[in-house]
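To start, the structure under review is shown below, and the notes come after it.
In what follows, chains carry the letters A, B, and so on, assigned in the order in which the sequence lines appear, proteins first and then strands, with residues in each chain numbered from 1. Heavy atoms only: backbone and side chains are in, while hydrogens, waters and symmetry mates are out.
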Amino acid sequence: MEVVHPKFRPDPGLSRAEMEALQREIGHEAVFEDDLAPLPDSPLVVGVDQAFPDEQAVSAIVAMRDGEVIERTSAVTDLSIPYIPGLLSFREGESILAAFETLECEPDLALFDGSGRIHYREAGLATHMGVALDLPSVGVAKSLLCGRLSNPPEEPFAEGTRVPILANGRVEVEEGNVLGYAVQTRQYDGGSRYINPLYVSPGHRVGPETAAGLAEAHCAGYKLPEPIRRADAYAGELASEARQ
DNA sequence: GCGACAG
DNA sequence: ATCTTGTCGC
């Protein structure tokens with residue numbers, strides 16, 4: 001598929017101020033409510049993840065429908081900037097879009113490994129990529145970048161627990177807005193081992209509740225949604241090959 | 001200066 | 001994210 005808005009392509013050569021300005025533009029362009037073409041009964045969903053052998057970024061995309069892998073693709077680029085909290089999409093975005101440009105199928109939805117609206121300027125990786133591609137997207141992060149949990153129930157969170165993430169002082173959004181949800185997609189029964197929740201947020205054209213529901217709905221017995229889990233494994237394979 | 005900090 | 005062995009629990 002193609003990049004619908006080239007002006008939002010992540011350019012690692014921009015200054016930090018320019019990157020942040022672009023993110024504010026992207027956050028403004030993003031739609032944080034349901035605006036999906038009515039999802040088909042069997043939506044085509046892609047999972048996206050990266051691995052970093054040496055100074056390169058390997059982006060892998062796995063497309064699934066009804067639990068079956070339909071297509072896999074990937075792209076490799078050199079990394080030009082370090083990881084900076086809040087600017088992740090400028091480090092990894094080029095290889096992700098390059099991989100999407102080799103994707104032959106037309107997905108209904110993309111699940112990313114990282115934040116969407118849970119971001120200082122409402123423009124996390126999932127939002128940046130979703131807006132550039134104009135593709136409904138969801139951010140699935142394993143840790144919280146910013147924002148705070150609302151009404152956290154007593155831990156450990158049971159499987160199925162969903163806690164709102166609210167904007168706090170670190171986010172350029174009115175305090176108290178719902179940015180996403182902490183979603184406990186998996187949990188052990190006993191109390192000896194504990195699994196942390198996922199932090200799910202809208203990327204583009206999806207509301208926070210729908211984002212949480214979609215992430216949850218695509219889990220198949222593991223903490224991560226299956227398309228992301230497969231993309232993670234695929235990126236890992238490609239990375240280990242690249243290192244040899 | 002101190003704390004926070006997706007991947 | 002990445003560098004890595006053992007170890008705990010079902």
Side-chain angles (χ1 to χ4, degrees), chain A residues 10 12 16 19-20 23 26-27 30 47-61 74 76-97 99 110-130 137-149 156 159 165-173 179-183 186-204 211 215 221-225 228-229 231-244:
Chain A
R16 182 160 182 156
M19 291 181 186
E20 295 180 352
Q23 289 185 323
I26 291 166
V48 187
D49 194 19
Q50 288 73 240
F52 307 91
D54 307 313
E55 281 302 284
Q56 296 190 307
V58 175
S59 289
I61 300 178
S74 64
V76 183
T77 65
D78 291 326
L79 288 169
S80 38
I81 60 171
Y83 164 69
I84 300 169
L87 299 178
L88 182 66
S89 62
F90 288 89
R91 172 174 163 84
E92 310 184 351
E94 286 286 45
S95 71
I96 294 175
L97 292 183
L111 304 177
F112 288 89
D113 64 309
S115 288
R117 194 187 183 189
I118 297 179
H119 181 273
Y120 310 124
R121 292 165 291 279
E122 303 182 276
L125 181 70
T127 299
H128 193 155
M129 299 296 99
S137 63
V138 171
V140 179
K142 295 180 290 298
S143 58
L144 193 59
L145 175 63
C146 54
R148 64 179 181 83
L149 289 178
E159 202 166 293
I165 306 289
L166 306 181
N168 60 5
R170 301 168 58 192
V171 188
E172 297 180 8
V173 171
L179 301 180
Y181 285 90
V183 183
R186 188 91 168 98
Q187 191 54 279
Y188 292 120
D189 296 321
S192 50
R193 274 165 81 92
Y194 182 69
I195 298 177
N196 294 123
L198 292 177
Y199 299 93
V200 183
S201 57
H204 183 41
Y222 295 91
K223 168 176 175 171
L224 286 175
I228 294 182
R229 215 175 67 80
D232 180 272
Y234 187 33
E237 288 175 27
L238 296 170
S240 60
E241 289 172 17
R243 274 178 277 231
Q244 296 318 312

Polar-atom pairs under 3.5 Å, protein N or O versus N or O of nucleotides 3-7 of chain B: list them with distances, or write none.
| from | atom 1 | to | atom 2 | distance (Å) |
| --- | --- | --- | --- | --- |
| dA6(B) | OP2 | Tyr83(A) | OH | 2.5 |
| dA6(B) | N7 | Gly86(A) | N | 3.2 |
| dA6(B) | N6 | Gly86(A) | O | 3.1 |
| dA6(B) | N6 | Leu87(A) | N | 3.3 |
| dA6(B) | N6 | Leu88(A) | N | 3.0 |
| dA6(B) | N1 | Leu125(A) | N | 3.1 |
| dA6(B) | N3 | Ser115(A) | N | 3.2 |
| dG7(B) | OP1 | Lys142(A) | N | 2.7 |
| dG7(B) | OP2 | Ser143(A) | OG | 3.1 |
| dG7(B) | O3' | Asp113(A) | OD2 | 2.9 |

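- Looking only at side-chain heavy atoms (C-beta outward), Pro10(A) and Leu97(A) come within less than 4.5 Å of each other.
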Polar atom pairs between nucleotides 4-10 of chain C and protein, under 3.5 Å, N or O only, would you list them?
| from | atom 1 | to | atom 2 | distance (Å) |
| --- | --- | --- | --- | --- |
| dC8(C) | O2 | Arg193(A) | NH1 | 3.0 |

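- With rounding to the nearest 0.5 Å, the separation of CD1 in Ile26(A) from CZ in Arg121(A) is 10.5 Å.
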Problem - side-chain contact (heavy atoms from CB on, under 4.5 Å) assessment of Glu55(A) paired with Asp78(A) - result: CA-CA 6 Å; Glu55(A) 281 302 284; Asp78(A) 291 326; over 6 Å; no

Exercise for the section: Begin with the C-alpha distance, continue with both residues' side-chain angles, and end with the deciding distance and a verdict on side-chain contact (heavy atoms from CB on, under 4.5 Å) for Glu20(A) and Tyr120(A). Expected result: CA-CA 9 Å; Glu20(A) 295 180 352; Tyr120(A) 310 124; over 6 Å; no

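- Using a 4.0 Å heavy-atom cutoff across all strands shown, Arg117(A) reaches no nucleic acid atom at all.
- Between the Ser137(A) side chain and the His204(A) main chain, a donor and an acceptor come within less than 3.5 Å of each other.
- Phe90(A) pairs in a side chain to side chain contact (heavy atoms under 4.5 Å, CB included) with only one of the listed residues (Ile81(A), Ile84(A), Leu125(A)), which is Ile81(A).
- With hydrogens and angles ignored, the 3.5 Å screen pairs no side-chain donor or acceptor of Lys142(A) with any backbone N or O of Asp113(A).
- A distance-only check finds no donor-acceptor pair linking the side chain of Gln23(A) to the backbone of Glu122(A) [under 3.5 Å].
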